[in-house]
Amino acid sequence: MLHERYDPTTIESKWQARWAADDLYRTAPADERPKYYVLDFYPYPSGEGLSVGHCRNYVPTDVVARYYRMKGYNVLHPMGWDAFGLPTENQAIKTKTNPSVLTRRYAANYKRQMNLIGASYDWSREITSSEPDYYHWTQWIFLRLYDHWYDPRVDQARPIAELEAELTAYGTSRLGLPLSERGVTAEGWQTANPLERQEILKRFRLAYRGEATVNWDPVDKTVLANEEVGPDGRAWRSGALVERRTLKQWFFRTTAYADRLDRDLDTVDWPGRIVTMQRNWIGASVGAEVSFKTVAGDELIVFTTRPDTLWGATFMVLSPEHPLVAKLTTPTQQATVEAYVAQASTNASAPVPVEEKEKTGVFTGSYAVNPVNGAEIPIWVADYVLMGYGTGAIMAVPAHDERDFAFALKFGLPIIPVIQRPDDAARSVVRRGTYAEDLPNQLRAAGYQFSEQDGDLVVDLTGAQAEAYAHLVQPALLNGWTEIAGSGWKFIFPDVIVAFDTVEADQQLAAQISTALQRNDLPTVMAYLTTIPAYRTLLYHDEIGVPINSGTINGLPGDEAISRTIDLLEAEGQGKARHNYKLRDWLISRQRYWGTPIPIIHRADGLEVMETDEQLPVTLPGVENYEPTATGESPLAQIDEWVKVTLSDGQHGRRETDTMGTFACSSWYFLRFVDPRNPHELARQEELAYWLPVDMYVGGAEHAVMHLLYARFWTKFLYDIGVVPFIEPFQSLRNQGLILAPPREVDGQIVIEKMSKSKNNVITPDEVVATHGADALRGYECFISDFEAAVPWSTDGVPGIRRWLDRVWRIVLNPEQDRAGEGAFTERQLQRVLHQTIMRVEHDIKEFKFNTMVAALMEFTNALYKAREAGLSKTPTWAEAIETLMRLIAPVAPHIAEELWARTQRSYSIHQQSWPKADPALAAEEEVEIVLQVNGKIRDKLVVPADADEAQLRDVALQSERVKGYVGDKTIRKLIVVPGKLVNIVVG
RNA sequence: GCCGGAGUGGCGAAAAGGCAAACGCUGCGGUCUUAAAAACCGCUGGGGGCAACCCCUUACGGGUUCGAGUCCCGUCUCCGGCACCA
């Protein structure tokens, strides 16, 4: 009987309609089955629709979802829309359309495309982050953050009311604040007025309105993102020089969770590079705060990771934005410092490629006292110190910090080594004409390594040899001097040996050298040493090592030196251990219309008031005009009827007009999917407890830091306040590789580019489905390459998959066609391939090896053709194999699987069938081909029983004629036998 | 500069330290056909040999091992991230 040909267009739309009508993929609520939550990064719907690149995400997750359903899991596989944000808002302004209308239109198109490729989402759970019933709960979480603070003593968020109680009783005395954070006493708190209390609490709330330095475009009168400022510091659109402005902005206190965000990365199954990127972003470092007193008596606190280098701190540097800059500047330096600070504020905003940038800075005129040795050291201002990290001030240790080293050299500041080089390497150049003729012989006799260059002797030695070396060389010095650099630092003159170990020695030596050389550009010893090429690599190092020139900690092992110094400082009240992070608080304010409104009201008296839970959601007003205002305020600020409110106590207030950036919406959407229509709470407890954490989360690596970090932060906070019972939201994470445009030839060169509308090289799923069908597209998305690898789309690849599906179609429906009854393929072989294929496909799905999964299915199909050729199509194994093939292809090719299932008179639906069970015993080989090697080279192959033991293998190997030919009468030195694999005979 | 990741046929790629190139694409040859398409069969890393076979080959240079695409050291190239974080 001849069947009609495989026609994907007809069968795909037919089954899609049937599945939708039957609600086939509707997920049941929590039940007794094991669950599997497989989630795609929810997309931002744009007017351009999906490309085949996006499908690289949605097809594999759909394979996984379908596989786990067949395995008997209760599977949650939802989809929703990240709908707020700038692109839609800008499009709305341009087309004078309400952004919610655009969002619905774009999302509907995405949904149509997802259905087109047969994605099995439970659309009853579809969510849209810009709908009030969703952002109601974004606002609710905002208010919880606002109303909580982080208590590091218990490593947990606590209600603000509890902080107020503590402040009333103890002030901040028990909170363990860093030295650089101003505390408050119980009395100070008790006598503070409400506004002052608001200011104090702001420093603890997990959502707070604080000052932020931002890029301000004075022509367009708006705040710009870093990406909108060019490398020359000019605004991308207006061309104006961007200024740094300090504006009030809303933040979430991510930094409070820095340690847990770092630590808990150990508990997740994520790609290593994502974990690394998050760790780098958080940037944890341990060290200490050190309190310096200026000569005038002000306290200046720095953060350092190397308290052991404190004795080598020869100057201090403040960020230009540091609050004490003005106070510490002396009258004579005032004009210089003010000019520098002003210039820094315009320059610093631009994300200039900092690398190789010449250091700049100015002296304030003031001095501070080094707490460990009493040395008075100058205080400078320089833009290489950032206000946003640590305390915005540093102690400069130029001998062991690359930036300080460059700065000190440029401005002639002293550089004194205080940490011994771990390799103890040292070098000494004895210059031509300064030494007695016999010195080379003496050095040789004493065993020193040296070379002669133009009459200069360059001697390599160690710090340990420095003393002996100095005494050997000194008598041979006729005039001038030599020096030892790197370790054992010394200057050797004919009459005296001077150690280079203090600022005083530095000054004296530098003066002496300058006089001798008649130069005035060598203010320090290091300035001189850098002029000698042979020393360059030895002058600076930043490794942990044994302290020298460091008073009481001299000679301690490096790690001990650090902890000892911290102990010392703590005992004297001059310092304190501290963990520090590069991570900054999360700036959430956007001065735009299309975002979640921030549920805070500003009272006329300046106090912030939370919107009550009952009044949520605070909805966006429907307005005609979304243009940003000339003042850079949100357009909402101009809508009086929305902004002006009367509070329950009759007071007047104004709504906050900033909205939240979209990362707020995406920080919790994965929770809403478990109970998406709940009007009473974010989601029911039992659904959260059952479904979460997400078992498999899949999306592009471009969200490696921001989204994933913020979502983790919110999860931990919600855990602290008892809303969710888990600490990490995404158990496993995978990143699909990018799909690039097909290669094309330009001027004889093959170029591969990203797909983009502007380059007109986007390939849509619509066009591929139209010509080859959705199942072929799905198969090719899986087969194209390793899941994580970036790869150009190849138009030639899809027909290959289509051919395979055609072969599946024919072998299932025409088992008897073309049978010749010839060929060597046994029923047992077919059975073995059948069970091996089940195991391979299952393994590959779990390992995200979708390319080899498809290859295994192709090989299985090829084996069926061989079996048919051999006349096996009437056997029971054949029937089992055909049915198994249909089940195995169901996840990757759901439409053809369903059609074949129906055409072979099986009951609807294949997607509700169970996954076939592999029998490892039936999958096992009875015979294996082993390799015989002589000296590692393959010389023969033979087939042996799979369970042949070592002795048997050795015997058959030695009987092989070919092996004998290579072994000859040589001695067998070694015999390696790997059962089931090979025998290697080592002769010689 | 620092931190990741990757370099394998003409192409996309496979390969728990154990037969390199599975699977697919392309190309070539063949079967079927009046012909073409489709389908099916064979070949398709390089070199040598009439052949049986032999030698070489996983970016490059070393090393460990009976045995290395896989592990270690160094170099080069490409991709991604960070950007003066004290």
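Because the structure is predicted, anything quoted here is derived from the model rather than measured. Per chain, numbering begins at 1; letters A, B, ... match sequence-line order.
Contacts of Glu788(A) with the nucleic acid, taken as non-hydrogen atoms under 4.0 Å apart, are absent. Thr276(A) comes within 4.0 angstrom of the backbone, heavy atoms only, and of no base. Gly800(A) comes within 4.0 angstrom of the backbone, heavy atoms only, and of no base. Residue contacts for Arg973(A): at a heavy-atom cut-off of 4.0 Å it reaches no nucleic acid atom on any strand shown. When heavy atoms are screened at a 4.0 angstrom cut-off, Gln933(A) is found touching base atoms of the nucleic acid. Using a 4.0 Å heavy-atom distance criterion, Asn984(A) is classed as a base contact. Nucleic acid contact class of Ile784(A) (heavy atoms, under 4.0 Å, all strands): sugar-phosphate only. Nucleic acid contact for Asp806(A): none, since no nucleic acid atom lies under 4.0 Å from a heavy atom of the residue. Within the 4.0 angstrom heavy-atom criterion, only backbone atoms of the sugar-phosphate kind lie near Tyr966(A); the bases stay farther away. Within 4.0 Å (heavy atoms only), Val317(A) reaches no atom of the nucleic acid at all. Heavy atoms of Asn580(A) sit nowhere under 4.0 angstrom from any nucleic acid atom. Counting any heavy atom pair closer than 4.0 Å across all strands shown, Ile394(A) reaches a base atom.
With both pairing distances under 3.5 Å, rC71(B) is matched to rG63(B) as a Watson-Crick or G-U wobble pair. Taking a pair to require two hydrogen-bonding distances under 3.5 Å in either a Watson-Crick or a G-U wobble arrangement, rG24(B) pairs with rC11(B).
Contact of Lys359(A) with rC84(B) (side chain to base): a donor-acceptor pair of N or O atoms is detected under 3.5 Å.
At most 12 heavy atoms of other shown residues, nucleotides or ligands fall within 6.0 angstrom of atom NZ in Lys754(A).
Close to rG18(B), at under 4.0 Å from its OP1 or OP2, lies no side-chain N or O of Lys981(A). Under 4.0 angstrom from either OP1 or OP2 of rA86(B) there lies at least one side-chain N or O belonging to Ser285(A). Using a 4.0 Å cut-off, no side-chain N or O of Arg5(A) falls inside it from OP1 or OP2 of rA38(B). Listed pair Arg962(A) / rC54(B) meets the phosphate criterion, a side-chain N or O lying under 4.0 Å from OP1 or OP2. Here Tyr6(A) does not reach the OP1 or OP2 of rA38(B): none of its side-chain N or O atoms lies under 4.0 Å away. Dashed line: the shortest gap from a side-chain N or O of Asn862(A) to OP1 or OP2 of rG24(B) is under 4.0 Å. Contact annotation: Arg810(A) side-chain N/O to rC40(B) OP1/OP2 distance is under 4.0 Å. The shortest distance between the side-chain N/O atoms of Ser785(A) and the OP1/OP2 oxygens of rA13(B) is below 4.0 Å. Side-chain N/O atoms of Lys849(A) include none lying less than 4.0 angstrom from OP1 or OP2 on rA16(B).
Distance CG (Asp786(A)) to P (rG69(B)): 21 Å, rounded to an integer number of Å. The CH2-C1' distance, from Trp281(A) to rC2(B), rounds to 16 Å in whole Å. As a whole-Å value, the separation of Arg939(A) CZ from rC66(B) P is 19 Å. Atoms CD1 (Ile739(A)) and P (rC79(B)) sit 20 Å apart, rounded to a whole Å. Taking atom CZ of residue Arg273(A) and atom C1' of nucleotide rG4(B), one finds them 9 Å apart after rounding to whole Å. For the pair Glu847(A) CD and rA15(B) P, the computed distance is 11 Å after rounding to whole Å. In this structure, the CG atom of Asp844(A) is 17 Å from the P atom of rA13(B), given to the nearest Å. For the pair Lys846(A) NZ and rA16(B) P, the computed distance is 18 Å after rounding to whole Å.
Nucleotides rC71(B) and rC56(B) place their C1' atoms 24 Å apart, quoted to the nearest Å. The C1' atoms of rU31(B) and rA52(B) are separated by 30 Å, rounded to the nearest whole Å. With P as the reference atom, rC60(B) and rU77(B) are 15 Å apart, rounded to whole Å. Using atom C1' as the reference point in both rG9(B) and rA13(B), the two lie 10 Å apart (nearest Å). The P atoms of rC3(B) and rG18(B) are separated by 31 Å, rounded to the nearest whole Å. A distance of about 26 Å separates the P atoms of rU75(B) and rC84(B), rounded to the whole Å. Rounded to whole Å, the separation between the C1' atoms of rC32(B) and rG46(B) comes to 36 Å.
Checked for salt-bridge contact, Asp949(A) and Arg954(A) miss the test: no charged N lies under 4.0 Å from a carboxylate O. A salt bridge is absent between Lys941(A) and Glu929(A): the closest approach of a Lys/Arg side-chain nitrogen to an acidic carboxylate oxygen does not fall below 4.0 angstrom. By the 4.0 Å N-to-carboxylate-O rule, Glu781(A) lies too far from Arg778(A) to be salt-bridged with it.
When distances are taken from the side chain of Lys974(A) to each of rC23(B), rC66(B), rA13(B), the shortest belongs to rC66(B). Minimum atom distance to the side chain of Asp796(A) is reached by rC25(B), of the listed rG12(B), rC19(B), rC25(B). Nearest nucleotide to the side chain of Leu386(A), out of rA13(B), rG24(B), rA86(B): rA86(B). With rG24(B), rC84(B), rG81(B) as the candidates, the nucleotide lying closest to the side chain of Met277(A) is rG81(B). Comparing rA39(B), rA86(B), rC19(B) by their closest approach to the side chain of Phe303(A) singles out rA86(B). Distances from the side chain of Thr852(A) to the nucleotides rC56(B), rA39(B), rA14(B) place rA14(B) closest. Among rA86(B), rG18(B), rC66(B), the nucleotide with an atom closest to any side-chain atom of Val986(A) is rC66(B). The side chain of Phe783(A) sits closest to rG12(B) out of rG12(B), rA39(B), rC56(B).
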For residues 395-402 of chain A, run the donor-acceptor check on the side chains, cut-off 3.5 Å, and write out each pair with its distance to 0.1 Å, sequence neighbours left out.
unit_1: His400(A); atom_1: ND1; unit_2: His541(A); atom_2: O; d: 2.9
unit_1: His400(A); atom_1: NE2; unit_2: Val418(A); atom_2: N; d: 3.0
unit_1: His400(A); atom_1: NE2; unit_2: Ile419(A); atom_2: N; d: 3.0
unit_1: Asp401(A); atom_1: OD1; unit_2: Arg403(A); atom_2: N; d: 2.9
unit_1: Asp401(A); atom_1: OD1; unit_2: Arg403(A); atom_2: NE; d: 3.1
unit_1: Asp401(A); atom_1: OD1; unit_2: Arg403(A); atom_2: NH2; d: 3.4
unit_1: Asp401(A); atom_1: OD1; unit_2: Asp404(A); atom_2: N; d: 3.0
unit_1: Asp401(A); atom_1: OD2; unit_2: Arg403(A); atom_2: NH2; d: 2.4

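The six-membered or imidazole ring of Phe407(A) lies away from that of Phe405(A), with a centre-to-centre distance of 6.0 Å or more. Aromatic ring centres of Phe411(A) and Phe315(A): separated by at least 6.0 Å.
For the pair Arg868(A) (side chain) and Asn814(A) (backbone), a donor-acceptor distance under 3.5 Å is present. Proximity of a side-chain donor or acceptor of Gln736(A) to a complementary backbone N or O of Phe787(A) within less than 3.5 Å is not detected.
Results of the side chain to side chain contact (heavy atoms under 4.5 Å, CB included) test with His772(A) over Leu805(A), Ile801(A), Val798(A), Thr795(A) single out Val798(A) as the only residue that passes.
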